[in-house]
Every structure is written in structure tokens, then in C-alpha cells.
Student: 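Below: one structure in C-alpha cells.
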Number of protein chains: 2
Amino acid sequence: MSTANPAPRRRDPEGRRRAMLIAAGEIITEAGTAALTHRAVAARAEVSLGSTTKYFSSIDDLREAALQYLAQEIDQELATIDFAGIATNPEHAAAELHRFLCDRHAVHATIALLASGATDPQLRSLARRWDDRFIELLTPHIGHAQATAIAVYFNGATLHAGLDEEPLSRDALTAVIRALVAMPGPVTTTQETNP
Amino acid sequence: MSTANPAPRRRDPEGRRRAMLIAAGEIITEAGTAALTHRAVAARAEVSLGSTTKYFSSIDDLREAALQYLAQEIDQELATIDFAGIATNPEHAAAELHRFLCDRHAVHATIALLASGATDPQLRSLARRWDDRFIELLTPHIGHAQATAIAVYFNGATLHAGLDEEPLSRDALTAVIRALVAMPGPVTTTQETNP
DNA sequence: TTTGTACATGTACTTTTGTACATCATGACA
DNA sequence: TGTCATGATGTACAAAAGTACATGTACAAA
């Protein structure tokens, strides 16, 4: 019968929504998408259950928003990676990528994003964007085919980092990057249209 | 009140358990691990709900058994891949791997397995075994470091295949394999122990 | 200070899912 | 052919999660 006695906190819709997205992101990266429930988010973000249902039209909406938030997070981290001179100095790029692989949050966020995209068609474009952006950042330095190869490899390395305690070593990354940068394109480097 | 009237089918514990595992595997590959419920398995395998709870002690047990079954399935498919001559003739190995990537069931099974392993510690060893086996099959031909690099790349390619309609082209795979086979080891090919 | 609206809260209800179990058929064996 | 243990079935109950909503508070405007 009695409802809503205990004193609501200050009104801050944006901050509140953000707090819930952060909480949801943490739940996903720590326990997987299956663990994402209204109640878990409410507890973690320290908001009421009602808030989680009011700011998101459904649990699917909440999940999608959370994954979108995670995508933005790792995208920002990706933006800090310095690919300059990757062709001539692969050690540096490898160290940069190794830094990403040591960030468990980023690693698990990436895995959750990609795995969700493989399952849910609605999230596929979001997952693909991650790949595309990675390739986009790399292509100017080494060409499209090589950038794609490294992007694919790096997704594999991210998976590996999520499964093992330790990510691949800097040396291993360096060797692979060096080899793929020097790789000739699939057929020719520049694409050709034929009749 | 009334229970169990409608005529039970022939008794076949092994076949029944197998039918449920197949159904569970299909559900996982088609709709993701989150869609795996007792009722979904019962409907797909055309057995009673009671059977799904009798053959598996809990839903976690069922999920683990299903993923184990999927792991065995893709392991068998992996065993059919011919890596012979990969060092001198990468086109053939690329074609073999491309064949795997065109099998949507195998691709999604692999993704589900790896993603589950990244989430659930209990399933981690199962997921790691897939990687290890891949490397194990490849190492005799090209050495450990190169085998690991290709295995990591191939996991990325599998993810890619699960996200895009079309997997990477044979040509793209060939180019990468050629580059990674020729890759020098991280430091030296043979490991050294130092004092 | 008063007042009204948007926001926050907790409860209640519904649906989904996991699990236990009473009942009955099946097929092998006596 | 009769009997019995195994196995298969459907229902019932419990727990968990999604969703709706009535209530009450905070803040800003009048």
C-alpha cells in the first residue's frame, strides 16, 4: 500500500541514464550479456527498479543502449592508439595494441559486442562498425588489404586475451604486424573493375 | 490431476540424450546461448519437458553439455581440414579454411564456444582446447609461433564470418597465410632458456 | 510562499523459466 | 502371459525477471 516514501534523490535525468548505462556496461563485461537484468542494473547503479524501466522502453532497448555505450567506450580507446609509423616501426604499434589487450574491460566489451552482433541481427551493424573503424584508421598507413588483415588478426587476439589470463606478447604482435604490413595484396593492391 | 496419458515413445536413452544435445546445439548456433531453455530444447527435439530436466541436472549442465557437443562437432570438422603443404602451397590450406568459414553452423558454434569461454570460467578450458587443437595441428608444418599467429587470425576470420554475410575471400586468406607462414618467430624460432 | 509538473520510488502483477513429481506406458524377463 | 523396473510424459509449483502504476518528493516558476 505505502509507496515511494524513502526520499528520492536529486533529479538528474542525464546523469541517471548515464549511471545506468555504465552499470549495464560493467555487468555485461564482467558477467556477460545474459546477466543483464533490470534488477542487476538498478542494484549496481544504485537507482530504483522503476528508473531502469522508465528510461528504457524494454530490456532489449536497455541491452542495445548498453552495447552502444560500450562500443563508444572502446571506440574512444581505439582513438588513443597511435598507428603512426606502423610500416617502418611495428614495435610501437604492437605496444599500443598490447596496451589495449591488457585492458580487461575493453577486451570483454569488444567480445560482448562482437558476439552480440553475431547473434542478434539488430546489433550486427554496431559490431561491424567497430571493425570498419579499425580498418579505416589503419588503411592510410598500409593499404586496405593489409589493414583488414591486421583488424581480423586483432579481433582474434582480443578473443585470445579474453580467454587467457595473459594477452599475446608484444613480441608476438610485432612479428605478426611486421609480416602483415609487408604482405602483398590479395591479387593486386589496387582494385580493378573488369567488364 | 491426469498425467502422462498420451503414449510415450520407444525407450532410447542414448538417442534421446543425443537428440536433445543436437537440438540445444542448433538453438545456440541459431539464436545464441541466451535462447537456450528447457522448453525450447523440448520443442525442437520433440521430447517432453520432463525429459530435458531428467537427463541434465540443471540448465547450466545442459548448456555445458551442449557446448561440449558443439566443440566436438567443430573439432571433427577441423580434423577434416588438410593443412599438408601449407608452407609451399598456401592456396590449398586457404581453400580448406574457407570451406570452414562458409559453414554457418560451424562458424556460429565456434563463436558461441569462444564467447561463452570468455564469460564463464567453467567453460574457459573447453574454449581454450579449440585454440590449442588448432595450433597443435598446424605446428608440425610451420612451427609454433607461426601456427599460433594463424590460429589467432583464423579466430578473427571466424568472427568476421559470423558478422558479415560473406566470409573473407580465398585470396585474402591465401595472402595472410603466405605472409604468416614466412614470418620469423618472435625472437628466434626455437625457444631458449636462459639462466 | 504556494503550486504544479516532471522525476524518482517501491510495490504489485504478469510472464517466463527452472525444477520436482505423480502417473502411466514400454519392453524384457520369469 | 503376467510382472516389474526403467523410462517417458505432462502438470504443478517455485523462483526469477519484465513491466505497469500509484504514490510521493524535489525543484522551478508564479
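Please read all numbers here as calculations on a predicted model, not as lab measurements. Here is how names work: the chains are called A, B, and so on, in the same order as the sequence lines, proteins then strands, and each is numbered from 1.
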Student: Does B:P13 or A:G50 map to a spot on DNA chain D nearer the 5' end, using the closest nucleotide for each?
Tutor: B:P13
Student: For nucleotides 14-18 of chain D, give me every protein contact, N/O to N/O, under 3.5 Å, one pair per line with atom names.
Tutor:
unit_1 : atom_1 : unit_2 : atom_2 : d
D:dG18 : OP2    : A:H38  : N      : 3.0
D:dG18 : N7     : A:R39  : NH1    : 2.8
D:dG18 : O6     : A:R39  : NH2    : 2.8

Student: If I take atom CD in residue B:E46 and atom C1' in nucleotide D:dG10, what distance separates them, rounded to the nearest angstrom?
Tutor: 17 Å
Student: Just jot down the side chain to side chain donor-acceptor pair (under 3.5 Å) partners of B:E91, sequence neighbours excluded, or say none.
Tutor: B:R178
Student: Check whether B:D61 reaches the backbone of B:S57 with its side chain - one donor and one acceptor, N or O, closer than 3.5 Å.
Tutor: yes
Student: Identify every side-chain donor-acceptor pair in residues 106-118 of chain A under 3.5 Å, counting partners at least two apart or on other chains, and give the distances.
Tutor:
unit_1 : atom_1 : unit_2 : atom_2 : d
A:T110 : OG1    : A:A106 : O      : 2.7
A:S116 : OG     : A:A112 : O      : 2.7

Student: Could you list all the salt bridge (Lys or Arg N to Asp or Glu O under 4.0 Å) pairs where at least one residue sits in residues 20-36 of chain B, not counting sequence neighbours?
Tutor: B:E26-B:R44, B:E30-B:R44
Student: Nearest-Å distance, CG (B:D12) to C1' (C:dA28)?
Tutor: 16 Å
Student: Is B:R17 salt-bridged to B:E14, going by a charged N under 4.0 Å from an acidic O?
Tutor: no
Student: Can you identify which nucleotide, out of C:dC7, D:dA8, C:dT19, has its nearest atom closest to the B:T53 side chain?
Tutor: C:dT19
Student: Rounded off to whole Å, could you give me the NZ-to-C1' distance for the B:K54 and C:dC21 pair?
Tutor: 9 Å
Student: For A:E14 and C:dA6, what is the distance between atoms CD and P respectively, to the nearest whole Å?
Tutor: 16 Å
Student: Residues in side chain to side chain donor-acceptor pair (under 3.5 Å) with A:D164, at least two apart?
Tutor: B:R128
Student: Keeping to residues at least two apart or across chains, list the salt bridge (Lys or Arg N to Asp or Glu O under 4.0 Å) pairs with something in residues 70-90 of chain B.
Tutor: B:D75-B:R133
Student: Rounded to whole Å, please give me the gap between CZ in B:R16 and P in C:dG27.
Tutor: 12 Å
Student: How would you label the contact of B:Y55 with the nucleic acid (heavy atoms, under 4.0 Å): base, sugar-phosphate, or nothing?
Tutor: sugar-phosphate
Student: Could you check how far CZ of B:F56 sits from C1' of C:dT17, rounded to whole Å?
Tutor: 17 Å
Student: Listed by chain and number, what are the side chain to side chain donor-acceptor pair (under 3.5 Å) partners of B:D60, not counting sequence neighbours?
Tutor: B:R63
Student: Identify all stems in which DNA chain D takes part, counting only runs of at least 3 consecutive pairs (Watson-Crick or G-U wobble, each distance under 3.5 Å), and give each as one range with another, ordered by first number.
Tutor: C:1-30 with D:1-30
Student: How would you list, by chain and number, every residue that makes a side chain to side chain donor-acceptor pair (under 3.5 Å) with A:T37, sequence neighbours excluded?
Tutor: none
